[in-house]
Amino acid sequence: MAKDLVFLLLTLLVFTASCAFSSLDGAEDSLIRQVVDEEQDDLLLDADIHFASFRRRFGKKYANAEEHSYRLSVFKANLRRARRHQKLDPTAVHGVTQFSDLTPEEFERNYLGLKRPSFLKEARKAPILPTNNLPVDFDWRDRGAVTPVKNQGSCGSCWSFSASAALEGANFLATGKLLSLSEQQLVDCDHQCDPSEPSACDAGCNGGLMTTAFEYTLKAGGLMREEDYPYTGTDRGQCKFDKTKIAASVANFSVVSLDEDQIAANLVKNGPLAVGINAVFMQTYIGGVSCPYICGRRLDHGVLLVGYGSAGYAPIRLKEKPFWIIKNSWGENWGEKGYYKICRGRNVCGVDSMVSTVTAV
């Protein structure tokens, strides 16, 4: 117990020194340390204090005393869950996030939304690329191909953010211009179904797929700019697509093979990639390289792969981990300023299983 706590404190000190967690105040930092301590029951004695800090930090308000009491009980359960995640994922730091008052079911329903058809069997495959002379480290953020982190809100539209962000990068490579594209166009107008599973259709806040979003965009002619079709975080609205305001168009898209070198090669050549992932550890993730010992590969969240690193910091007892750099769509207050680092090399949480690339006209 004492050794684990020492290693966690060392991890936190390193991250603090590098300003990775500059957004944490003293209360949350103290809470993170306590969450992974064996004496979890002692922490729960002060749960009201930590819950009040959580509410202030994230601006949480509840309708009445009954809802407050219920959310406090969920918060306590998530403290225990964060401790379990920390033990299973010791190279990352887990603790209190803006989702700490949500049950896992609520979190999945409102903030995920990736559908899971058998499309990989039918979809067009990306050509095999040479993998010699790949950079040791690579990040499209340093090359101007990535827009600022966005926030999908409580809408299961992650698939639209993943698809639009991949097209933003592809359009940058094709034109030299970085444009923020409209996710709301996909939410309102895209009802494309996967050909191998007709019941898997893009459905706004009720989920969708990046490949079918690319198919829709190819047929529609393209996506409008976000400023011309702004995001509302709601669906079932009237489609307001205007062909005269298309800002970026799809030339082609394909699925990358489940091979880490091919994924890296496609990333370097074609720009940021649309990726499916299992988000079970993301509800409590704060920073570091997530490399859990056990993680399901049921893909439920769409994100954007923007780069990779050769060696992410790990506690002294563990080797440094190569990692993928993932852009998420839950705002800059989540994770490492909106980004997620996940272990590279073992298809952790299914990150290599659903990868697609798109090219722009």
Side-chain angles (χ1 to χ4, degrees), residues 23 98 111 113-114 138-153 155-190 202 208-211 213-214 216-218 220-233 240-242 245-251 253 266-277 282 301-309 324-342 355-361:
S23 62
Q98 65 261 49
Y111 293 95
L114 183 67
F138 190 84
D139 192 338
W140 275 113
R141 292 177 295 180
D142 300 333
R143 293 164 169 78
V146 184
T147 59
V149 172
K150 302 180 184 182
N151 195 336
Q152 70 188 68
C155 167
S157 57
C158 60
W159 59 277
S160 69
F161 282 81
S162 175
S164 65
L167 184 54
E168 288 168 352
N171 187 64
F172 173 80
L173 267 68
T175 68
K177 298 179 181 179
L178 182 64
L179 303 177
S180 181
L181 300 177
S182 174
E183 293 82 17
Q184 194 64 40
Q185 179 186 336
L186 293 171
V187 170
D188 290 343
C189 308
D190 174 12
D202 296 337
L209 277 168
M210 289 78 80
T211 48
F214 294 147
Y216 157 80
T217 307
L218 189 63
L223 290 183
M224 296 168 60
R225 295 172 64 174
E226 186 175 22
E227 64 182 40
D228 292 327
Y229 201 150
Y231 186 68
T232 64
K240 304 178 182 66
F241 174 51
D242 183 346
K245 294 184 178 180
I246 288 175
S249 299
V250 170
F253 66 93
N266 274 272
L267 175 71
V268 171
K269 180 180 178 180
N270 297 323
L273 305 175
V275 174
I277 197 170
M282 296 175 73
H301 188 44
V303 292
L304 185 75
L305 177 59
V306 303
Y308 58 82
W324 296 116
I325 304 168
I326 298 291
K327 180 187 180 185
N328 200 6
S329 53
W330 297 338
E332 293 186 351
N333 287 330
W334 177 86
E336 294 193 356
K337 299 186 183 302
Y339 282 83
Y340 183 46
K341 292 177 182 175
I342 188 163
V355 180
S356 52
T357 179
V358 62
T359 55
V361 175

Note to self: We want to know whether Tyr231 and Ser157 form a side-chain donor-acceptor pair, criterion being a heavy-atom distance below 3.5 angstrom.
What the structure shows: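 Yes - a donor-acceptor pair under 3.5 Å links their side chains.
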Next item on the list: Can you tell me which residue pairs pass the salt bridge (charged side-chain N to carboxylate O under 4.0 Å, His left out) test with a partner in residues 155-170, sequence neighbours excluded?
Entry: Lys150-Glu168
Next item on the list: Using the side-chain contact (heavy atoms from CB on, under 4.5 Å) rule, take Lys337 and Val149 through it: C-alpha gap first, then chi angles, then the decisive distance, then the call.
Entry: CA-CA 8 Å; Lys337 299 186 183 302; Val149 172; over 6 Å; no
What pairs with [X] under salt bridge (charged side-chain N to carboxylate O under 4.0 Å, His left out), at least two apart in sequence or on another chain?
X      : answer
Asp139 : Arg141
Arg143 : none
Glu332 : none

Using the side-chain hydrogen bond (donor to acceptor under 3.5 Å, both in side chains) criterion, which residues pair with [X]? Sequence neighbours excluded.
X      : value
Tyr339 : none
Ser329 : Gln152
Tyr308 : none
Ser162 : none

Margin query: Treating Asp202 as the side-chain partner and Val187 as the backbone partner, does any N or O pair qualify as donor plus acceptor under 3.5 Å?
Written below: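 Flag not set: sc Asp202 to bb Val187 has no pair under 3.5 Å.
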Next item on the list: Say whether, by atom type as modelled, one donor and one acceptor occur between the side chain of Gln185 and the main chain of Gly222 under 3.5 angstrom.
Entry: yes
Margin query: Tell me every residue that passes disulfide bond (SG atoms under 2.5 Å apart) with Cys155, counting only those two or more places apart in sequence or in another chain.
Written below: Cys205
Quick one: pull up [atom1] in [X] and [atom2] in [Y] and give me the separation to the nearest 0.5 Å.
X      : Y      : atom1 : atom2 : value
Gln98  : Trp330 : CD    : CH2   : 8.0 Å
Leu181 : Ser160 : CG    : OG    : 11.5 Å
Leu167 : Ser249 : CG    : OG    : 8.0 Å
Leu179 : Glu227 : CG    : CD    : 8.5 Å
Ser164 : Glu183 : OG    : CD    : 3.5 Å
Ser356 : Asn266 : OG    : CG    : 10.5 Å

For [X], ring-ring contact (aromatic ring centres under 6.0 Å, His included) partners two or more places apart:
X      : answer
Tyr216 : none
Phe172 : none
Tyr229 : none

Of all heavy-atom pairs between [X] and [Y], which one has the smallest distance, and what is that distance?
X      : Y      : answer
Glu226 : Ser180 : OE1-OG, 2.5 Å
Tyr340 : Ile277 : CE2-CD1, 3.8 Å
Asp190 : Ala213 : OD2-CA, 3.3 Å
Ala166 : Phe214 : CB-CZ, 3.9 Å
Phe253 : Leu218 : CE2-CD2, 4.4 Å
Gln184 : Thr232 : OE1-N, 2.9 Å

Heavy-atom side-chain proximity of [X] to [Y] below 4.5 angstrom:
X      : Y      : value
Leu223 : Leu186 : yes
Leu178 : Thr147 : yes
Lys245 : Arg225 : no
Val250 : Thr359 : no
Leu305 : Leu267 : yes
Ile246 : Phe241 : yes
Pro272 : Val146 : yes
Trp334 : Asn328 : yes

Item checked: Met210 vs Val275, side-chain contact (heavy atoms from CB on, under 4.5 Å): CA-CA, chis, key distance, verdict -> CA-CA 8 Å; Met210 289 78 80; Val275 174; 5.7 Å; no
Margin query: Just checking Lys240: does its NZ atom have more than 12 heavy atoms from other residues, nucleotides or ligands closer to it than 6.0 angstrom?
Written below: yes
